[in-house]
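Reviewing the structure listed below.
Chain identifiers are assigned alphabetically (A, B, ...) following the order of the sequence lines, protein sequences preceding nucleic acid strands; residue numbering begins at 1 within each chain. These numbers come from a predicted model, not from an experiment. Computed from heavy atoms alone, side chains included, the values below leave out hydrogens, waters and symmetry copies.
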Amino acid sequence: MAEINPESLPEEKAPVNFIHQIIQEDIKNNKNNGRVHTRFPPEPNGYLHIGHAKSICLNFGTAAKFGGKCNLRFDDTNPVKEDTEYVDSIMEDVRWLGFNWDGLYYASDYFDTLYEYAKKLIIKKLAYVCDLSQEEMSLQRGTVTKPGTDSPYRNRTVEENLDLFRRMRAGEFPEGARVLRAKIDMAHANMLMRDPILYRIIHAEHHNTGDKWCIYPMYDFAHGQCDSIEGITHSICTLEFEVHRPLYDWFIEKLEIFAPQQIEFARLNLSYTVMSKRKLLQLVNEGHVNGWDDPRMPTISGLRRRGFTPESIRRFADVIGVAKRDQVIDVSLLEFCLREDLNKKADRLMAVLNPVKLIIDNYPEGQVEYLDAVINPEDPEKGFRKVPFSKELFIEKEDFMIDPPGKFFRLKPGGEVRLKYAYIIKCESFLQDPVTGEVTEIHCTYEPDTRSGMPNSNKKVKGTLHWAAVSNSVKSEVRLYDRLFVKETPEDVEEGQDFKVNLNPDSLKVVTAYCEPAISQYKPGDKVQFERMGYFCVDQDSTETNLVINRTTTLKDNWAKIAGKE
RNA sequence: UGUCCGAUGGUGUAAUGGCAGCACAAGAGAUUUUGGUUCUCUUGGUCUAGGUUCGAAUCCUGGUCGGACAACCA
């Protein structure tokens, strides 16, 4: 059984996407005895990305919704591109997203059956061995507006075809020497029906079948039949396979086997990123990112490392919907789903990422107070943590301005702000670097009776700042990630350029942050909110002595908007 | 100059011949010891021209625009 996610289970009157409408109708008509069986069929030639997550949620979610089953099947028909590294990562990602497959299969599990299917077509005079070279075949295929011409090998006898095909399998011919083709119609308006290739010779080791085979079925000759063998009732796939459907149906009909129903939907596109495996591979290979799980990548493993939760991704998949028109989803919707989830779950902590020293002149030298701070205001049951407060603190440089604009309600000369969970302070003076003018030290006084919880703590001040004690903080390496591309559509480039010109040079900035001691209790993968700064997670690169933290995303920042307008 | 698919606010997605709704984004306000959260409100849409109908986003026809298809890739 595919795991049921109660949150994504639609309400009685919730809108139903067109695929679920079709399935509801099928169940009503008792098609397949009301059985619903889907599958997620990746090729193990790369890592899964957020686009795959949409498909995974759709397939597993559909099975769960209708009490059906969902398989995981690796469509591994091309040994030169595939690898067990990818198989492992795909299984990990699917599980992490929260799904459990019913059957785990490989297209290569069916190579024997597929071989028999091919022979059956030969016997039915519906397939032939063709000796044309790749170039010749491409020439004879015609174009979308011109019909192709028949291969001179099209009318070989059944016996000759059977013999040649057997010898292809036996390894008697070099790679590329011959192929097995379907005999359909070289003048068909659908190019895919112009005698497509069924089998080709590849003398390569397969990650699953080793050296058992030297001929491999084409995806088109494998995919539909694999679905059929597994009894898949609804083969949900992306739009580009719509033109393949007549071919799949042709195989099913001629082979006289169970007929799954293929339904196509629009693949996901996200603004400010690229989604094709080829481009992602390029980013990895050329070192623009640090591997498939780089937190800037739209891969599942990248999002996981960035600090996304499976819940937020499932919610996203639910919210974007399913339809047949091309969709480009604004990345802000993904961020919304993320914040919505993290806001409920993430423990609050204070950390200063861009520090400037603040000294409270009238606070006793050497004194340390341990103040109570709420762990998560959205989840009061989590209680409190202790934060050490003392005379010398760090605050964010951006929280102090010498001559601020009107709506700035942070710290300024002569101004008052609250230090969160602590006291109200007043800025008395500040020191500047004589050369750069940069503020190097801020001097304040505090009002002892304004500590949080004290009677006078209700005093109204405009701003509240987070802070960290100079001598009681944990230093950590914080990786500030931003979107990977500066352009909404990275592929949108001028003649002669490619998508990489739109790479964001500032997609990663590394800083040293001062964090309250409570950070030490969190382990790689744990998620927290640094108050006023954003959501962060502990990275796997952390060691005993060097804590590494990723910024998952900033908080929604209205001040940035106001400041930006001025 | 082919075949197939598609077209609803900025972005997505509903409405299945009967009041064009929802989410994100954007804008205004309230609350707030996170310029977060929460709450209230606002702006803004049926590609186009005909036809069928009492009534069309929905059905029909033409056009326009977008996408897919000519790998021994999937």
Touch class at under 4.0 angstrom, heavy-atom based, for A:Y421 against every strand present: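 If one applies the 4.0 Å heavy-atom cut-off, A:Y421 turns out to touch a base.
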Sugar-phosphate only, base, or nothing, as touched by A:T143 at under 4.0 Å among non-hydrogen atoms: base
Between [options], which nucleotide has the shortest distance from any of its atoms to the side chain of [X]?
{"X": "A:R418", "options": "B:A74, B:U33, B:U34", "result": "B:U33"}
{"X": "A:P377", "options": "B:U33, B:G36, B:C69", "result": "B:G36"}
{"X": "A:R325", "options": "B:G2, B:C24, B:U13", "result": "B:U13"}
{"X": "A:S452", "options": "B:C72, B:U33, B:C24", "result": "B:U33"}
{"X": "A:R200", "options": "B:A74, B:U34, B:U13", "result": "B:A74"}

Taking the six-membered ring for Trp, are [X] and [Y] closer than 6.0 Å centroid to centroid?
{"X": "A:Y86", "Y": "A:H207", "result": "no"}
{"X": "A:Y199", "Y": "A:F165", "result": "yes"}
{"X": "A:Y219", "Y": "A:F241", "result": "yes"}

Of A:Q21 and A:N376, the one whose closest RNA chain B nucleotide lies more 5':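 With A:Q21 and A:N376 compared, the 5'-side residue is A:Q21.
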Toward the 5' end of RNA chain B, by each residue's nearest nucleotide, A:K277 or A:V243: A:V243
Output the rounded distance in Å from [atom1] ([X]) to [atom2] ([N]).
{"X": "A:H203", "N": "B:C72", "atom1": "NE2", "atom2": "C1'", "answer": "13 Å"}
{"X": "A:I320", "N": "B:C22", "atom1": "CD1", "atom2": "P", "answer": "21 Å"}
{"X": "A:L239", "N": "B:G66", "atom1": "CG", "atom2": "C1'", "answer": "12 Å"}
{"X": "A:M191", "N": "B:A70", "atom1": "CE", "atom2": "C1'", "answer": "3 Å"}
{"X": "A:F530", "N": "B:U34", "atom1": "CZ", "atom2": "P", "answer": "18 Å"}

Phosphate contact (B:A74 OP1 or OP2) by A:R278 side-chain N/O below 4.0 Å: no
Inter-nucleotide P distance (B:U31, B:U40), Å rounded: 15 Å
C1' gap between B:G63 and B:A26, integer Å: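 My reading of the C1' atoms in B:G63 and B:A26 gives 34 Å.
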Pair of N/O donor and acceptor under 3.5 Å linking B:G35 base with A:R410 side chain: yes
Option passing ring pair (Phe, Tyr, Trp, His ring centres under 6.0 Å) with A:H206 (candidates A:F74, A:F111, A:Y106, A:W213):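 It is A:F111, the one option of A:F74, A:F111, A:Y106, A:W213 that forms the ring pair (Phe, Tyr, Trp, His ring centres under 6.0 Å) with A:H206.
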